[in-house]
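Just the heavy atoms: all of them, side chains too, but no hydrogens, waters or symmetry mates, feed the values below.
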Amino acid sequence: MSLKLAKAKEILQKHVSEAHLITHAAAVSAAMGAMAEHFGVAGEEKEHWEAIGWLHDVDYEKYPDEHCRHVREFLAPEGVEEEDILTIISHGYGLVTEEKAPETDLEKSLFTVDELTGIVQAYALMRPERLAGMEVKSLKKKFKDKRFAAGCDREVIKKGFEMLGMEAGEVMECCIKGMQDHAEELGLA
């Protein structure tokens with residue numbers, strides 16, 4: 001059975017209380033929805049991608065130094081399928097875990113948009129109009145400036161673009177669109 005977004009939100013609430021982590025979960029979920037659409041995924045399956053995005057940092061607040069290594073103990077008791085647990089773990093591949101490499105479009109998308117949403121969010125916070133009217137061209141300039149949103153690892157994002165076989169601009173467009181569709185929820189309207 002496909003993981004539902006409402007269930008993902010319910011689970012995350014039990015393990016994450018920091019507002020910035022919840023906002024990040026919402027941003028990644030929104031970007032994952034747009035990535036799903038890019039790959040022709042709709043309906044319940046698109047919601048599944050969003051739910052995975054929502055839960056991707058479920059263990060981060062409690063175990064920031066062991067991120068992705070406690071996902072299973074948080075999600076298995078909630079009835080989350082092993083396949084979904086492995087998908088979530090895969091976003092930390094080569095960074096904090098070697099357990100599961102991203103192989104599917106879903107996994108590669110999660111790996112890529114996790115960091116990229118941070119750059120989109122930081123840029124939106126600088127702009128008086130926030131996410132409205134944000135263009136890929138201007139986001140690319142911010143992406144190239146290593147001092148801007150310095151905590152977001154550009155090498156990870158670039159590796160994600162390569163894994164996906166997509167141009168940077170295509171993925172950035174998906175991220176922006178997904179986050180624009182959820183601008184109210186993200187506090188970026």
Side-chain angles (χ1 to χ4, degrees), residues 1-39 41-119 121 151-153 155-164 171 174-175 178-179 182 185-186:
M1 190 170 109
S2 204
L3 181 64
K4 302 276 189 247
L5 188 55
K7 176 75 173 165
K9 289 180 178 184
E10 183 187 304
I11 293 169
L12 194 74
Q13 219 172 12
K14 296 176 187 177
H15 304 289
V16 176
S17 61
E18 294 176 27
H20 72 99
L21 292 176
I22 294 166
T23 301
H24 176 62
V28 172
S29 177
M32 288 298 288
M35 291 299 290
E37 287 176 2
H38 170 83
F39 287 107
V41 175
E44 277 189 26
E45 196 52 31
K46 175 186 170 189
E47 184 184 335
H48 178 243
W49 283 48
E50 293 168 333
I52 293 290
W54 196 275
L55 279 177
H56 81 285
D57 279 350
V58 68
D59 68 348
Y60 187 82
E61 184 174 297
K62 193 166 185 184
Y63 298 106
D65 299 328
E66 297 174 23
H67 179 39
C68 291
R69 295 187 208 135
H70 297 273
V71 172
R72 191 172 282 103
E73 72 194 54
F74 283 60
L75 299 183
E78 296 285 350
V80 176
E81 293 178 13
E82 179 66 11
E83 184 180 342
D84 291 339
I85 291 170
L86 285 169
T87 294
I88 291 167
I89 291 170
S90 77
H91 88 278
Y93 184 75
L95 309 167
V96 293
T97 179
E98 300 298 323
E99 184 174 343
K100 169 79 172 84
E103 295 165 19
T104 65
D105 291 335
L106 168 58
E107 291 166 345
K108 294 171 189 176
S109 294
L110 182 62
F111 181 91
T112 309
V113 305
D114 181 20
E115 294 285 314
L116 185 56
T117 56
I119 295 174
Q121 184 176 5
C152 298
D153 191 332
E155 293 312 308
V156 168
I157 299 167
K158 288 177 189 173
K159 186 176 176 182
F161 296 155
E162 285 175 32
M163 272 189 225
L164 286 163
V171 183
C174 286
C175 250
M179 290 173 71
H182 295 269
E185 181 183 5
L186 297 172

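Looking only at distances, no side-chain donor or acceptor of Thr23 sits under 3.5 Å from a matching main-chain atom of His20. Checked by atom type and distance alone, the side chain of His182 never pairs as donor or acceptor with a backbone atom of Met179 at under 3.5 Å. Between the side chain of Arg69 and the main chain of Val96, a donor-acceptor pair closer than 3.5 Å is present. A distance-only check finds no donor-acceptor pair linking the side chain of Thr97 to the backbone of Tyr93 [under 3.5 Å].
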Check against side-chain contact (heavy atoms from CB on, under 4.5 Å), Lys159 and Val156
CA-CA 5 Å; Lys159 186 176 176 182; Val156 168; 5.6 Å; no
Carefully, step by step, assess Ile119 and Ile157 under the rule side-chain contact (heavy atoms from CB on, under 4.5 Å).
CA-CA 10 Å; Ile119 295 174; Ile157 299 167; 3.7 Å; yes
Could you walk me through whether Asp57 and His91 satisfy the side-chain contact (heavy atoms from CB on, under 4.5 Å) test, starting with their C-alpha distance in whole Å, then the side-chain angles of each, then the deciding distance to 0.1 Å, before giving a yes or no?
CA-CA 9 Å; Asp57 279 350; His91 88 278; 3.4 Å; yes
Would you please test Glu18 and Ile22 for side-chain contact (heavy atoms from CB on, under 4.5 Å) and show each step?
CA-CA 7 Å; Glu18 294 176 27; Ile22 294 166; over 6 Å; no
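Taking the side chain as every heavy atom from C-beta outward, Asp84 and Leu75 never approach each other to under 4.5 Å. Annotation: side chain of Met163 is in contact with side chain of Pro102 (closest heavy-atom distance under 4.5 Å). No side-chain heavy atom of Ser2 sits under 4.5 Å from any side-chain heavy atom of Glu47. Counting heavy atoms from C-beta on, the side chains of Val28 and Trp54 never come closer than 4.5 Å. Counting heavy atoms from C-beta on, the side chains of Phe74 and Val16 never come closer than 4.5 Å. Looking only at side-chain heavy atoms (C-beta outward), His24 and Asp114 come within less than 4.5 Å of each other. A heavy-atom distance below 4.5 Å is found between the side chains of Ser109 and Phe39.
Heavy atoms from other residues, nucleotides or ligands lying under 6.0 Å from CD of Glu82 number more than 12. The environment of Glu44 atom CD is sparse: at most 12 non-hydrogen atoms of other residues, nucleotides or ligands sit within 6.0 angstrom.
Screening Asp105, Leu110, Leu3 against Trp49 for a side-chain contact (heavy atoms from CB on, under 4.5 Å) leaves a single residue, Asp105.
To the nearest 0.5 Å, atom CD of residue Glu162 and atom OG1 of residue Thr112 are 10.0 Å apart. Put simply, CE on Met35 and CD on Glu50 are 13.0 Å apart, with the number rounded to the nearest 0.5 Å. Atom CD1 of Ile11 and atom NZ of Lys4 lie 13.0 Å apart (nearest 0.5 Å). Summarising the geometry, atom CE belonging to Met32 is positioned 12.5 Å from atom NE2 belonging to His38; distances are rounded to the nearest 0.5 Å. Rounding to the nearest 0.5 angstrom, the gap separating the CD atom in Glu10 from the NZ atom in Lys7 is 5.0 Å. Note that CD of Glu83 is 8.0 Å distant from OG1 of Thr104, once rounded to the nearest 0.5 Å.
Using modelled atom types and a 3.5 Å distance limit, the side chains of Glu61 and Ser17 yield a donor-acceptor pair. Looking at Glu66 and His70, their side chains do bring a donor and an acceptor atom within 3.5 Å of each other.
Nearest heavy-atom pair across Ala26 and Glu185 is CB-OE2, 3.9 Å. The nearest pair of heavy atoms linking Glu37 to Lys46 is OE2-NZ, 2.5 Å. Minimum interatomic distance between Cys174 and Ala34 (heavy atoms only, all atoms of both residues): O-CB, 3.0 Å. Nearest approach of Cys68 to Ile88, heavy atoms of both residues: SG-O, 4.4 Å. Heavy-atom minimum distance, Ala8 versus Ala51: CB-O, 3.6 Å. Considering all non-hydrogen atoms of both residues, Ala27 and Thr117 come closest at O-CG2, 3.7 Å.
The aromatic ring centroids of His56 and His67 lie 6.0 Å or more from each other.
The salt bridge (Lys or Arg N to Asp or Glu O under 4.0 Å) contacts involving residues 85-102 comprise Arg72-Glu99, Lys100-Glu103, Lys100-Glu107, where partners must be two or more places apart or lie in separate chains.
When the salt bridge (charged side-chain N to carboxylate O under 4.0 Å, His left out) test is applied to Lys158, the partners found at least two apart in sequence or on another chain are Glu155.
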